[in-house]
There are 2 protein chains.
Amino acid sequence: MSAKAVNTGLSDAQIASALDAFRAVVGRDHVLVGESAAEFRDPFWYRDWAQYDASAVVQPATLEEVQAIVRLADEQGVPLWTTSQGRNNGYGGSSPRVQGSVVMNLRRMKRILDIDEKLGYAVVEPGVSWTDLYEAITEQGYRLMLTIPDLGWGSVVGNALDHGITYMPYGADFQAPCGLEVVLANGELLRTGMGAMENNKSWHLYRRGLGPTLDPLFMQSNFGVVVKMGVWLMPWPETFAPIWLNAPKETDLIPIIDTVRELRLDRTLEGVPRLYNTLVFASLMEQRTRWYDGDGPTPDHIIDKIASDLGFGRWVMSMALWEDSAIADYKIAKVKAAFEQIPGVDVRFNKYAPEEIPALTNHSDRVLGGVPAQEWNNILRWYGTDAGAHLGNGLVAPLVGSEAFRLHSLIRGVVEREMGMDYFASPMVINARSLVHACGAIWDISSEEDTRRSYEGCKAIVREAANAGFGEYRAHLDYMDLAASTYSFGDHAYQRFLEKVKDAVDPNGILSPGKQSIWPAAYRDGGALEA
Amino acid sequence: MSAKAVNTGLSDAQIASALDAFRAVVGRDHVLVGESAAEFRDPFWYRDWAQYDASAVVQPATLEEVQAIVRLADEQGVPLWTTSQGRNNGYGGSSPRVQGSVVMNLRRMKRILDIDEKLGYAVVEPGVSWTDLYEAITEQGYRLMLTIPDLGWGSVVGNALDHGITYMPYGADFQAPCGLEVVLANGELLRTGMGAMENNKSWHLYRRGLGPTLDPLFMQSNFGVVVKMGVWLMPWPETFAPIWLNAPKETDLIPIIDTVRELRLDRTLEGVPRLYNTLVFASLMEQRTRWYDGDGPTPDHIIDKIASDLGFGRWVMSMALWEDSAIADYKIAKVKAAFEQIPGVDVRFNKYAPEEIPALTNHSDRVLGGVPAQEWNNILRWYGTDAGAHLGNGLVAPLVGSEAFRLHSLIRGVVEREMGMDYFASPMVINARSLVHACGAIWDISSEEDTRRSYEGCKAIVREAANAGFGEYRAHLDYMDLAASTYSFGDHAYQRFLEKVKDAVDPNGILSPGKQSIWPAAYRDGGALEA
């Protein structure tokens, strides 16, 4: 049912010996075991299930400490599962794929090495959170904006490495990261792009180098440990104009997507417009019991009641403009006219100066304006529990209304049938041609049965979506192998290519084995791939 | 002086045997040797210099033929140097790095597999030229624009694979290509991104997949043979507005670059604005003898005379807007006001409907409007010869006026001192933070001495630019190794990483050995890396 448990194959004595060696590098206080390591366990995995439990957490504070840890791990054959902040919640948090791995958490590497106002970029270590970087920019008085995700506590680097989505113009197609410094499995240091030349000032400015571009190869993979990254910052626009759309019917998804495609293709809209179905949006502000406390999915007529009570429809869409004021006025009128051709759809907007964004009451407006927030965690309270968990899928679809609705309906069916839970959907318009349909479940993590149903339901989504031609963009530890197995063209040519690269650059297989189902040779021989 | 000659190590009999096997796959007419293969030799390499001569040219017409050729080459250890149209002039044309390699030219793979007007993309084989695709779009009446380079005869795929620059919005940061099909060294077929899932419709729409993104790994490399590529097309804007700037002084480069950075960062300008120095622009329309026929570089006072006679200054900049008419009007006024703060700078513009672009007389305007042209070849007539050649460097610099001028001055010095020739410079604003300073020489290829001086001068540029912290984005066969050697951070960690990948995915080293200085193990042991 769960992915096959895979162990390091190391004895307790071998692990203990490695931890002693790690302590000699980072100091005793920075190797965490037992209760002190508990916060690095996936918070949304059932407490009694041990297959993704780590042996320990090691927290190096410097590049040199990372290199020393990696070299020791390579010598001793100890798998290191690298996390940055370790906030990859919904995908496994900081837990490793291979039971007994040592988590190398980089939260202590918190240096912001540069912020360049003129050229609009920063250089950060993996422990720098969205909030850290936002505050540093603000404290210096730089008129720069950072494209951010919903939750400010995560790592700027970690999010980029997991293909995490952000919403401003540089969020489209993940354009913010530029130029990496990477520790390889043998402890050597590699710089990508122009950084491969000593003293080259274009490392974080030009997206490539001479020869093939490696930045994307180190994302969603396990070929190296990224210890430094450039991130592009956008200059403050004259005007920030968040725009909200409400649509009454579930099928309105079709014309909304077709309209947003045209506005995105002609560059009227930029960034990542994002839809919420009624239940996602309601969960941000209220609890389910206000309307319904039955088992199973909330019935449609209740969903309509929720939409009506809260003053929105079956879909809400949030987007924004970052423009000169005159252009914003022109585009607002165009966007409003385009969407309001859909019967019942209502478009509202506001215009703000960038200085006003931190005081905005709507958290989504703040996020679109680059001011970190934590309100997204409110969704965990939907079932009225303090132990809310969430889990999801993110499926890629063409930016065509009929395709988006086909995928949405398919997944709603699986969630309601297989999980018997409320269906949360939030399609994100990742570029002018495709969307990521984020969707999933919220449940009480103290219930083993609900936890099991949620994971099984998400796996059913992976399978049924793949059968219909839709692929995952990111997957939880427990179905990484399953999701990867659906990318099977050419007898799994993509996966086999990655395995060759893995064996070549990490011959002892110590860097995050199993991450995105990239398994080193030793694990492949052991049959770890069953899902 | 030249890069070390490297031979295949195969006997004539071994090559003959391989060619017989290739003939059995593609037919006798599609294995070219001797004179019939002459057009695939680098036209800008001196006729008597043989170190980049191929044994033969094989031209498969289908994917299956490519797979068969690659499998035979792998079995027999015959290096295949893959080219698409083979128009990579200035960088080696269709010539191989390793003498005696067989050129696998894909000009016969000319299928345009899809053009999707709604989602704005096409899918093409490597033999499809810019002109072919433009004509297909036009014939179907699709209101879509293709971002193109200066010369229409090249391959859409080949240009992308060599990091070739185009000028429209999707030209910035090379955003047009999306989704590759690749034949690996063992003949297997791999699809990148969402294409790794069978029947996934987002292959050419979403830029990534699940796991690391491989598209950029197959560009400027030799890890596979790309046989199919998606390319994004932009919907027709209401208005196409080319904008031209003239600046009187050489030092005006500084405020021009600082101004374009601000307009590019705030997204007033998109695409790839491009500067020409006086001599580049003059060479497009006139010959040198109109003003000067002395040896050595044209003196400054003559350059001023040329600028004055032709009605422009020491710099011309060409850029454009692709917008709704109202936005174009607003932006034109803003752009004009910004640049005209620079004393002596003059900004002119025009507005056209997309239908009008094919009839425009200025070829640069047509290119910015996506209509393929061939006029760029006019520069070869500068010295009044029918045997003009060009060779160049493309150096990346931060988009900061002082840095751009430092690089420009450094290179002008090298060209005039080492080559004793006219200096041609055309900086291209590749994104909002960096530029590619394209520069180089034009000479008469019938002169061995001038050819030698040109290549030696370009190598001096590579060395001196690297000493000053500027790296090449692309290099001719003859200084690929030299240019790659300047990316030496971490004891050449980047290059050694690529070598590990190369040995893993092409263990017999048959795919374009030496391309971008990625040498398979057998050649590394043989000491091929001396430059």
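Each chain gets a letter, A, B and so on, in the order the sequences are listed, and its residues count up from 1.
- Your options are A:Leu184, A:Val501, A:Leu265, and the one with the most heavy-atom pairs under 4.5 Å with chain B is A:Leu265.
- With respect to chain B, the highest number of heavy-atom pairs below 4.5 Å among A:Thr213, A:Leu210, A:Leu205 belongs to A:Leu210.
- With a 4.5 angstrom heavy-atom cutoff, A:Lys118 touches chain B via backbone and side-chain atoms both.
- Chain B forms the most heavy-atom pairs under 4.5 Å with one residue out of A:Lys334, A:Met219, A:Arg208, and that residue is A:Arg208.
- The closest donor-acceptor contact from the side chain of A:Gln495 to the backbone of A:Ser485 lies at 3.5 Å or more, if one exists at all.
- Between atom CH2 of residue B:Trp519 and atom CG of residue B:Asp481 there is a gap of 6.0 Å, rounded to the nearest 0.5 Å.
- For chain B, the nearby parts of A:Tyr494 are the backbone and the side chain; heavy atoms of each come within less than 4.5 Å.
- Of the residues considered (B:Ala493, B:Ser434, B:Ala468), B:Ser434 shows the highest number of contacts with chain A, using heavy-atom pairs under 4.5 Å.
- A donor-acceptor pair under 3.5 Å links the side-chain atoms of A:Gln67 to the main chain of A:Gly187, judged by distance alone.
- For B:Phe218, the part lying near chain A is the side chain, with the backbone staying farther off; criterion is any non-hydrogen pair under 4.5 Å.
- Judged by distance alone, the side chain of B:Asn186 and the main-chain N or O of B:Glu188 form a donor-acceptor pair under 3.5 Å.
- Between B:Glu403 and B:Arg406 there is a salt bridge, with a side-chain nitrogen of the basic residue lying less than 4.0 Å from a carboxylate oxygen of the acidic one.
- In terms of heavy-atom pairs under 4.5 Å with chain A, the best-connected choice from B:Asp266, B:Asp503, B:Ile518, B:Val400 is B:Val400.
- The CZ atom of B:Phe470 sits 13.0 Å away from the OG1 atom of B:Thr486 when rounded to the nearest 0.5 Å.
- Neither the backbone nor the side chain of B:Pro237 comes within contact range of chain A; no heavy atom of the residue lies under 4.5 Å from a heavy atom of that chain.
- Here the side chain of B:Thr192 pairs no donor or acceptor atom with the backbone of B:Asp215 at under 3.5 angstrom.
- Electrostatic pairing of A:Asp173 and A:Arg433 does not count as a salt bridge here, judged by no charged N lying under 4.0 Å from a carboxylate O.
- The minimum heavy-atom distance between A:Gly195 and B:Phe489, with the atom names listed, is O-CB, 3.7 Å.
- In terms of heavy-atom pairs under 4.5 angstrom with chain A, the leader among B:Asn199, B:Asp162, B:Leu217 is B:Leu217.
- Within the 4.5 angstrom heavy-atom criterion, atoms from both the backbone and the side chain of B:Arg191 approach chain A.
- Note: B:Ile327 leads B:Asn222, B:Thr268, B:Ile430, B:Ile327 in heavy-atom pairs under 4.5 Å with chain A.
- With respect to chain A, the highest number of heavy-atom pairs below 4.5 Å among B:Gly209, B:Gly471, B:Ala475, B:Gly490 belongs to B:Gly471.
- A:Arg264 places a side-chain N or O within donor-acceptor distance of the main-chain N or O of A:Gly271, the cut-off being under 3.5 Å.
- Remark: the backbone N or O of A:Glu472 is paired with a side-chain donor or acceptor of A:Tyr487 at under 3.5 angstrom.
- Only the side chain of B:Gln516 comes within contact range of chain A, with at least one heavy atom under 4.5 Å from a heavy atom of that chain.
- For a residue to count as touching a neighbouring chain, one of its non-hydrogen atoms must lie under 4.5 Å from one of that chain's; by this rule B:His163 touches chain A with backbone and side chain alike.
- Neither the backbone nor the side chain of B:Asn467 comes within less than 4.5 Å of any heavy atom of chain A.
- Residue contact with chain A, scored on non-hydrogen atoms closer than 4.5 Å, involves the backbone and the side chain of B:Asn200 alike.
- With chain B as partner, the option from A:Glu270, A:His492, A:Glu323, A:Lys515 having the largest number of non-hydrogen pairs under 4.5 angstrom is A:Glu270.
- With a 4.5 Å cut-off on non-hydrogen atoms, B:Tyr473 touches chain A through its backbone and its side chain both.
- Only the side chain of B:Lys331 comes within contact range of chain A, judged by heavy atoms closer than 4.5 Å.
- Shown here for B:Lys502 and B:Asp506, the closest heavy-atom pair between the two residues is NZ-OD2, 2.6 Å.
- Surrounding NZ of A:Lys201 are at most 12 heavy atoms belonging to other residues, nucleotides or ligands under 6.0 Å away.
- Contact of B:Leu144 with chain A is not made at all, since no heavy-atom distance falls under 4.5 Å.
- Between the side chain of B:Gln220 and the backbone N or O of A:Gly211 there is at least one donor-acceptor pair closer than 3.5 Å.
- Heavy-atom distances place no part of A:Glu262 under 4.5 Å from chain B, backbone and side chain included.
- Both the backbone and the side chain of A:Leu189 come within contact range of chain B, each with at least one heavy atom under 4.5 Å from a heavy atom of that chain.
- No other option in B:Phe223, B:Tyr330, B:Trp236, B:Trp232 has as many heavy-atom pairs under 4.5 Å with chain A as B:Trp232.
- The greatest number of non-hydrogen atom pairs below 4.5 Å with chain B, out of A:Arg474, A:Arg496, A:Met480, is found for A:Arg496.
- Between B:Arg267 and A:Asp324 there is no salt bridge, since none of the side-chain N atoms of the basic residue sits less than 4.0 Å from a carboxylate O of the acidic one.
- With a threshold of 4.5 angstrom between heavy atoms, B:Val182 does not approach chain A through any atom at all.
- Only the side chain of B:Leu214 has a heavy atom closer than 4.5 Å to any heavy atom of chain A.
- When the shell of 6.0 Å around NZ of B:Lys500 is examined, it contains more than 12 heavy atoms from other residues, nucleotides or ligands.
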